[in-house]
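Down below is the structure, laid out as structure tokens.
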There are 2 protein chains.
Amino acid sequence: MFGDAKDKALKKLRKDMRSGLYSFLVLTILEREGELHGYAIRKKLEEFSDGRLVPSEGALYDILKSLKKYKLVDNFWAEVGGRPRKYYRLTELGREVLAELKGEIGEIMLILKRMEGLE
Amino acid sequence: MFGDAKDKALKKLRKDMRSGLYSFLVLTILEREGELHGYAIRKKLEEFSDGRLVPSEGALYDILKSLKKYKLVDNFWAEVGGRPRKYYRLTELGREVLAELKGEIGEIMLILKRMEGLE
DNA sequence: AACTATACCTCGAAGTCCGATGTATGGAGG
DNA sequence: CCTCCATACATCGGACTTCGAGGTATAGTT
């Protein structure tokens with residue numbers, strides 16, 4: 001019926017809904033998995049979300065940069081198989097912030113359910 | 001302990017998580033309530049979300065502009081109490097898109113629960 | 001020799017949210 | 001009467017984000 005316009009609108013709104021969660025997801029993955037490099041973080045996100053909540057590579061590096069700026073993650077270089085790899089890990093601050101965010105995500109989900117009348 | 005840095009980080013991440021939902025929420029409110037003007041949309045969002053998921057005024061007008069661009073809402077002027085009011089309403093396309101988004105929000109919530117290990 | 005996957009990164013385009021600011025009306029309280 | 005507040009609309013600049021495209025490089029597979 002609306003074809004093209006509908007696809008464009010859905011693409012945009014889907015993107016918006018996902019993108020606000022990326023920082024949270026990266027922190028969550030690092031908490032579960034410990035130390036990972038960028039590429040591996042993306043693979044883990046694919047695995048855990050069935051490919052639904054995965055930022056593009058460019059976006060992921062921007063997100064990691066931002067998380068580092070806020071001191072929620074830090075990074076170190078390690079030689080693996082003779083090549084340098086950039087590893088990221090949660091800071092203590094990151095762990096604290098993540099704990100609070102989990103609670104808030106729960107609250108947001110409740111509000112959404114109430115609004116949609118999903119229950 | 002971390003005080004300032006923690007507040008800044010939380011503020012940023014909270015904002016990111018909320019902001020992706022705004023378009024969806026505005027569409028949902030318009031579906032429930034019919035025709036509303038900008039100010040009233042904000043009031044309704046405050047009411048339904050206990051003040052948790054409410055964009056600033058400036059942001060709301062940008063959102064409405066964007067939704068109009070994607071033809072998910074349209075608007076008309078009406079005289080109320082002798083003064084012109086700009087009313088917004090869902091288009092047929094908006095209704096279709098909203099229906100699909102509801103399903104996706106459900107899926108995202110499931111993924112989040114699985115990741116957090118909340119269940 | 002070509003390709004794919006792994007792994008890192010930068011850049012520009014387009015868009016977003018917010019805070020500040022501006023305009024204007026109606027009603028309540030002093 | 002006059003000031004303040006809630007209502008109601010809107011724009012602007014700043015800071016930031018995501019993405020897609022492109023670039024660099026190595027290791028293993030076909």
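Below, chain A is the first sequence line, B the second, and so on; all start at residue 1.
- Checking Trp77(B) against Lys43(B), the closest nucleotide of DNA chain D that is more toward the 5' end is the one next to Lys43(B).
- Counting to the nearest Å, the C1' atom of dA6(D) and the NE2 atom of His37(B) are 12 Å from each other.
- Of the candidate nucleotides dC19(D), dA8(D), dC17(C), dA8(D) has the atom nearest to the side chain of Tyr61(B).
- Backbone-only contact: Pro55(B) has heavy atoms under 4.0 Å from sugar-phosphate atoms and none from a base.
- Spacing between atom CZ of Arg83(B) and atom P of dA24(C) amounts to 13 Å, rounded to whole angstrom units.
- Glu100(B) is listed as a side-chain neighbour of Lys6(A), based on a closest heavy-atom distance under 4.5 Å.
- Leu64(B) places its CG atom 16 Å from the C1' atom of dC18(C), with the value rounded to the nearest Å.
- Atom-to-atom, NZ of Lys12(A) to P of dT17(D) comes out at 17 Å; the value is rounded to the nearest Å.
- Rounded to whole Å, atom P of dA15(D) lies 14 Å from atom NZ of Lys11(B).
- Ile41(A) places none of its side-chain heavy atoms less than 4.5 Å from the side chain of Glu33(A).
- Inter-residue side-chain proximity for Lys12(B) and Asp16(B) is flagged as met; some heavy-atom pair is nearer than 4.5 Å.
- Closest approach to the Arg18(B) side chain among dA7(C), dT18(D), dC18(C) is made by dC18(C) (side chain taken as heavy atoms from C-beta onward).
- Counting distance only, with no hydrogens placed and no angle test, the side-chain atoms of Glu57(B) and the base atoms of dC9(D) include a donor-acceptor pair under 3.5 Å.
- With dA10(D), dC19(D), dC18(C) as the choices, the nucleotide that has an atom nearest any side-chain atom of Lys86(B) turns out to be dA10(D).
- Within the 4.0 angstrom heavy-atom criterion, only backbone atoms of the sugar-phosphate kind lie near Gly38(A); the bases stay farther away.
- Proximity of Ser66(A) to the phosphate of dT17(D): a side-chain N or O atom is located under 4.0 Å from OP1 or OP2.
- If Asp16(A) and Lys65(A) are placed on DNA chain C by their nearest nucleotide, the residue sitting closer to the 5' end is Lys65(A).
- The phosphate of dC16(D) has OP1 or OP2 within less than 4.0 Å of a side-chain N or O from Lys69(A).
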Donor-acceptor pairs are to be reported for all side-chain atoms of residues 56-65 of chain B against protein atoms at under 3.5 Å, with residues two or more places apart or in another chain.
| residue | atom | partner | partner atom | Å |
| --- | --- | --- | --- | --- |
| Ser56(B) | OG | Ala59(B) | N | 3.2 |

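- Taking only side-chain nitrogens and oxygens, Tyr22(A) comes nearer than 4.0 Å to OP1 or OP2 of dC19(D).
- With hydrogens and angles ignored, a donor-acceptor pair under 3.5 angstrom links the side chain of Asp62(A) to the base of dC19(D).
- Minimum atom distance to the side chain of Ser19(B) is reached by dC17(C), of the listed dT17(D), dC17(C), dC19(D).
- Rounded to a whole Å, the CZ atom of Arg42(A) is 11 Å from the C1' atom of dC19(D).
- Between Ile105(B) and Leu21(B) there is a side-chain heavy-atom pair separated by less than 4.5 Å.
- The nearest whole Å value for the distance from the OH atom in Tyr39(B) to the C1' atom in dT7(D) is 5 Å.
- Within the structure, ring-ring contact (aromatic ring centres under 6.0 Å, His included) pairs that include any residue of residues 75-105 of chain B comprise His37(B)-Tyr87(B), Phe76(B)-Tyr87(B) (at least two apart or interchain).
- We find that OH of Tyr88(B) is positioned 9 Å from C1' of dC9(D), with the value rounded to whole Å.
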